[in-house]
Amino acid sequence: MPAAFLVLVASLLLAGTALPYNRWPATVQEVLGSAFYIENWLLAAKSVNYSAMNDSATVAQHFWSLSVEEQFYLFWPLILMGLYIVSGKMRKSSQGVLLAGVSVATALTFVCSVYLTAVSPSQAYFVTQVRVWEFGIGAIVALAGSRTSFGARTCNVGSLAGFALVLASAMAFGPHTEFPGWAAMVPAVGTALVILSGSAEKQLWHSRLTGAKPVQFVGGISYSLYLWHWPLIVVAPYLAGADLNAGIKLFVLFSAVVLAWLTKVFIEDRWLDRGVNTSPSPARPVFLRLAVGMTVIALMALGLSALGTQKAGQARLLAEKLAANPCQGPSVVDRVDECGSPFTKPVALPNMALTNSYAQFPDECQNDNTLADGLSGHPASCDFSGGDPKSETVWLVGDSHAQQWQTAVFELAKERQWKLKWSYFGGCPLVDASYRGYEGQVADPAKKASCEKWSQTVATAVERDKPSKVFVSMFSTGEQIEDGSGRPQLAQYADGLVKYWNRWIDAGALVLPIFDPPQNGSVRSADCLALHAENPVECAVLKNRALPQEPLKVAVEKMDSPRVRPLDLTRYFCDDTNCYSAVGGVSIYYDADHLNREVVKGLVPMFAAQVD
């Protein structure tokens, strides 16, 4: 704990001095979660929160595994004591009862791991109960290993098999591997075999390598190395003012090793030696030190949070001041003679605070969409009609890529006194087809069912409401569907869109598909603009790479209907060759793949012109 607390304090200082203020709220949240050993549950909650999927990694993200360990250490002794009591009452060998009880607990939690990984893979990676069986294998090794003896040949074969399993998992597993579940058994069993084979204290095939001083040195500092490596990786681009390259990575590695060695010598060994060479410390002082450490970290984190709030307020005032400049923002694209090149102007505010989030909506609106529950629900709504019975009813539907345009739609609704209704479902395509997954990840059954229910419900609700206009947009290149035809994804998606759009047109609506802006985090570092605010063209990406073929465009071409009027704002993000991360000195993006609210506000006149 002393080493962990030291790194958390250092991480807060690094974040406060190196990272932009918009990264501080998540940092504070996760440092507090790490200090109080609930970081894994915090990340589990974020893993099913679509709006949190684009959050950048924090300096404390790797503490999730330590949180799992500490939670395990709280209840595992209770299980062991219970088994000792049972063995006494049954008059059985405590070792035998322990081994049997631990084996049952391990098997049951492994079944739980396989099940949760199948039905909720994002959460399953972090939650404690899914990881208990891995610790259980370690307990079985400790109990069984002390009662068994193996020959040198068996130990060599066992260790070889163990190392092979660990290396195989490192090389074969990838982002699409269902993990932990069955897959986690491979490295866990491999590790158990290596430990069991080595506990016989025989000279093995790998002893000369693993016993070498450099290997033993890395093993000795491995805990502190684990603590230090991640915060250094997170802050390195900002300290260096450049994306991670080979030179920076080597410097990070060197720094992590040095810091880990210093921490091992002056922190870890100091406390470990006290426990070995003297009688154990009384519990009260230990818990007092623990409470003091947590309190210090909490106070530092809250201080950073307050400072971040202050900086966000200052940035908001600066943004309002800059917005008055006619050569600021996307309108510069139409004023080249007056304002110069739209994509080269330095950016004063490359880091956006929550006030510039695409998710903001007017206070007078009812943001209570319940259409995910079925036709018994209702969309979110805002009545700007002033009671005029002839006012138009307009819908905005889709995923968060529709939500990012709501600022422009709200402005039009106010100006034209519309009755505006909207419904969003993050990461879910609004098409007449089965949902398969998001960005290559297969959707769990619950997400698949809820997405398809919402999609069908919204299509029917719009049709029944007979609106005059329907704005629709979605991250169609990132969401996968399946209509059973086996055709290319683009063709399936376009046909699924056309089916819904025809229903809305038949109900009297004008369908207004909003084409997606260029991709950001998938084609460049999401931190690129923050690192190159003075020269934003450093973040330019070839247009054909940033703008892959989009199903919405294919659907528009396929329908070729005057009742389908596409809205395309691409010229305000790209020129003929490249797409950019800033326009007219304003950041185009709020996060890895959503527009900054400030740039959408600047696009309102252009948006309105295309609606007309």
Side-chain angles (χ1 to χ4, degrees), residues 316-317 319-335 342 349 352-369 379-388 390-424 462 465 467-474 509-517 565-573 583-591 594-612:
R316 184 176 65 253
L317 294 175
E320 292 172 357
K321 181 180 178 181
L322 292 172
N325 183 347
C327 289
Q328 182 80 7
S331 63
V332 174
V333 173
D334 299 320
R335 298 174 177 170
L349 292 169
M352 297 292 102
L354 287 175
T355 52
N356 287 317
S357 169
Y358 63 94
Q360 300 294 326
F361 61 93
D363 293 335
E364 64 265 31
C365 298
Q366 303 297 317
N367 191 30
D368 56 349
N369 165 48
S381 62
C382 225
D383 189 347
F384 298 110
S385 69
D388 182 358
K390 296 181 180 180
S391 175
E392 291 184 69
T393 297
V394 176
W395 282 67
L396 171 62
V397 291
D399 57 18
S400 64
H401 283 221
Q403 187 178 19
Q404 69 185 348
W405 291 107
Q406 68 183 9
T407 295
V409 177
F410 284 144
E411 290 298 318
L412 283 185
K414 290 179 183 179
E415 177 188 324
R416 304 181 184 189
Q417 297 183 309
W418 290 340
K419 294 176 183 176
L420 181 62
K421 301 179 181 181
W422 68 90
S423 183
Y424 315 127
V462 171
D465 200 38
S468 62
K469 294 180 177 68
V470 181
F471 293 94
V472 57
S473 189
M474 63 202 78
L510 174 66
V511 177
L512 298 160
I514 310 172
F515 291 163
D516 226 18
R565 185 182 302 162
L567 307 182
D568 187 354
L569 283 301
T570 302
R571 67 185 300 265
Y572 297 97
F573 311 127
V583 58
V586 174
S587 172
I588 291 173
Y589 300 97
Y590 170 73
D591 58 20
H594 296 98
L595 294 175
N596 166 24
R597 184 167 176 255
E598 184 181 355
V599 85
V600 176
K601 287 171 65 177
L603 285 168
V604 169
M606 303 75 145
F607 189 90
Q610 294 200 18
V611 171
D612 296 332

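One-based numbering along the sequence shown.
- What you find for H401 and S473 is that their closest heavy atoms are O-OG, 3.5 Å.
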Item to complete: Carefully, step by step, assess V470 and V394 under the rule side-chain contact (heavy atoms from CB on, under 4.5 Å).
Response: CA-CA 6 Å; V470 181; V394 176; over 6 Å; no

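- Contact annotation: the side chain of W418 never approaches that of F384 to less than 4.5 Å [non-hydrogen atoms, C-beta and beyond].
- Contact between P467 and V462 at its shortest, heavy atoms only, is CD-O, 3.1 Å.
- When each of V599, D399, D516 is tested with Q404 by the rule side chain to side chain contact (heavy atoms under 4.5 Å, CB included), just one qualifies, namely D516.
- The shortest side-chain heavy-atom distance between Y358 and L595 does not fall under the 4.5 Å cut-off.
- In this structure, OG in S587 is found 9.0 Å from CG in N356, a value given to the nearest 0.5 Å.
- T407 places no side-chain N or O within donor-acceptor distance of the main-chain N or O of R597, the cut-off being under 3.5 Å.
- Minimum interatomic distance between A608 and L412 (heavy atoms only, all atoms of both residues): CB-CD2, 3.4 Å.
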Practice prompt. Give the C-alpha distance, both sets of side-chain angles, the deciding distance and a yes or no for side-chain contact (heavy atoms from CB on, under 4.5 Å) between R335 and C327.
Written response: CA-CA 8 Å; R335 298 174 177 170; C327 289; 5.5 Å; no

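- The shortest non-hydrogen separation linking P513 to R565 is CD-O, 3.5 Å.
- Counting heavy atoms from C-beta on, the side chains of R316 and E598 never come closer than 4.5 Å.
- Here the CE-CG distance, from M606 to D334, works out to 5.5 Å after rounding to the nearest 0.5 Å.
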Discussion item. Go through it in stages, so that I can follow the logic: the residues are Q366 and D383, the test is side-chain contact (heavy atoms from CB on, under 4.5 Å), and I'd like the CA-CA distance, side-chain angles, deciding distance and then a yes or no.
Written reply: CA-CA 9 Å; Q366 303 297 317; D383 189 347; over 6 Å; no

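- The shortest non-hydrogen separation linking K419 to S385 is CE-OG, 3.7 Å.
- In this structure, the separation between CZ on F515 and CG on L567 is 8.5 Å, given to the nearest 0.5 Å.
- To the nearest 0.5 Å, atoms CZ (F471) and CH2 (W422) are separated by 13.5 Å.
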Practice prompt. Determine, step by step, whether W405 and F410 satisfy the ring pair (Phe, Tyr, Trp, His ring centres under 6.0 Å) criterion, reporting the C-alpha distance in whole Å, the side-chain angles of both residues, the deciding distance to 0.1 Å, and the verdict.
Written response: CA-CA 9 Å; W405 291 107; F410 284 144; over 10 Å; no

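- Proximity of H594 to Y589: side-chain heavy atoms (C-beta onward) are nowhere separated by under 4.5 Å.
- Here the side chains of Y424 and N369 are not in contact, with every heavy-atom distance at 4.5 Å or above.
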Discussion item. What verdict does the side-chain contact (heavy atoms from CB on, under 4.5 Å) test give for V600 and E411, after you've listed the backbone C-alpha separation in whole Å, the side-chain angles of each residue and the deciding distance to 0.1 Å?
Written reply: CA-CA 10 Å; V600 176; E411 290 298 318; over 6 Å; no

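- A salt bridge is defined here as a Lys NZ or Arg NE, NH1 or NH2 lying under 4.0 Å from an Asp or Glu carboxylate O, and R416 with D612 meets this definition.
- Here SG of C365 is found 13.5 Å from NZ of K421. Values are rounded to the nearest 0.5 Å.
- To the nearest 0.5 Å, atoms CZ (F573) and CD1 (I588) are separated by 6.0 Å.
- Closest heavy-atom contact between S331 and Q328: OG-O, 3.8 Å.
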